[in-house]
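Below, all heavy atoms of this structure are taken into account, side chains as well, without hydrogens, waters or symmetry copies. Note that the structure is predicted; figures quoted are calculated from it, not measured.
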Amino acid sequence: RGAISRLLGACLPLILLGVSSGVACPCYLASVGYFQARFQSELLFTHQVAVVAFAHFAAMLIEELCTRRRPALHSVLRRRVAVFSALAAATLAHVPACNSRGAVLLHGALISAFGTWLFGASMQIAASRGGVVLSNTGFGIGSVVAAFLVSVCRLGPTASVA
């Protein structure tokens, strides 16, 4: 029993590091059906994906430039994980309240950037502890959780404005 609890104590935090970054963008992109119906725009999903991809690329470049100069300390990385998790969650929680296409796209850019920085900090922590595979597993679990939440909330491509 003690060995299992030690194993869980070592593995679970590394898995959980990946979960939050795995949830954010899939949940946002799953809102396509709702926003296509709300704004009567067939191109909105294409715009959402483009904005998410561009923001992800820009956030990766910024992170690369910042970490190239000086690698972050573990305490800084842990704070980044906490801050970016909170920012991504808060932004994601406000997505349903978007009242324009621009607001939907801005929220997507923010969620993508926060998720990218969150994932980067999580991977740096996991790499220092030899747990990159576990953290990537958490990312996959987060994506599955996102798919489950989308189906429960009925926000997928067949969603309608109530």
Side-chain angles (χ1 to χ4, degrees), residues 11-36 39 41-150 155-157:
C11 295
L12 193 59
L14 293 171
I15 291 171
L16 291 176
L17 273 174
V19 170
S20 56
S21 55
V23 167
C25 267
C27 276
Y28 167 74
L29 289 174
S31 67
V32 60
Y34 174 78
F35 286 116
Q36 279 184 340
F39 299 124
S41 171
E42 293 295 321
L43 289 176
L44 187 56
F45 180 66
T46 304
H47 296 148
Q48 283 179 292
V49 172
V51 164
V52 164
F54 177 77
H56 174 75
F57 180 72
M60 283 178 47
L61 284 177
I62 291 168
E63 183 177 351
E64 180 65 28
L65 291 173
C66 291
T67 57
R68 185 180 291 172
R69 291 185 192 153
R70 182 180 56 189
L73 301 171
H74 282 290
S75 60
V76 172
L77 291 172
R78 284 193 298 271
R79 276 182 268 164
R80 283 185 191 167
V81 167
V83 167
F84 290 129
S85 291
L87 289 171
T91 307
L92 190 59
H94 284 95
V95 168
C98 292
N99 57 5
S100 70
R101 291 180 195 164
V104 171
L105 298 176
L106 175 63
H107 277 74
L110 291 173
I111 290 167
S112 181
F114 296 153
T116 299
W117 292 325
L118 172 60
F119 184 75
S122 298
M123 287 300 110
Q124 288 178 42
I125 292 171
S128 71
R129 296 185 179 162
V132 172
V133 171
L134 292 171
S135 196
N136 279 325
T137 300
F139 184 85
I141 291 169
S143 298
V144 170
V145 167
F148 174 74
L149 290 174
V150 165
L155 289 176

Next on the checklist: So, using side chain to side chain contact (heavy atoms under 4.5 Å, CB included) as the criterion, who are the partners of H94 when residues are at least two apart?
Outcome noted: H107

Checklist entry - Under the side-chain hydrogen bond (donor to acceptor under 3.5 Å, both in side chains) rule, what pairs show up with a residue in residues 140-150, not counting sequence neighbours? => result none

Show me the donor-acceptor pairs, under 3.5 Å and distance only, between side chains in residues 46-61 and residues at least two apart or in other chains.
{"residue": "H47", "atom": "ND1", "partner": "L43", "partner atom": "O", "Å": "3.4"}
{"residue": "Q48", "atom": "NE2", "partner": "Y28", "partner atom": "OH", "Å": "3.4"}
{"residue": "Q48", "atom": "NE2", "partner": "S31", "partner atom": "OG", "Å": "3.4"}
{"residue": "H56", "atom": "ND1", "partner": "T116", "partner atom": "OG1", "Å": "2.6"}

Next on the checklist: For the CD atom of E63 and the CD atom of Q124, what is their distance to the nearest 0.5 Å?
Outcome noted: 5.5 Å

Checklist entry - Atom CG of L106 and atom OG1 of T91: how far apart are they, to the nearest 0.5 Å? => result 8.5 Å

Of all heavy-atom pairs between [X] and [Y], which one has the smallest distance, and what is that distance?
X	Y	answer
C98	F39	O-CZ, 4.0 Å
V132	A127	CG2-CA, 3.5 Å
R80	A121	CB-CB, 4.0 Å

Item to check | Heavy-atom donor-acceptor pair, S112 side chain to G108 backbone, under 3.5 Å | outcome: no

Item to check | Geometric class of the F114/W117 ring pair [parallel <30°, tilted 30-60°, perpendicular >60°] | outcome: tilted

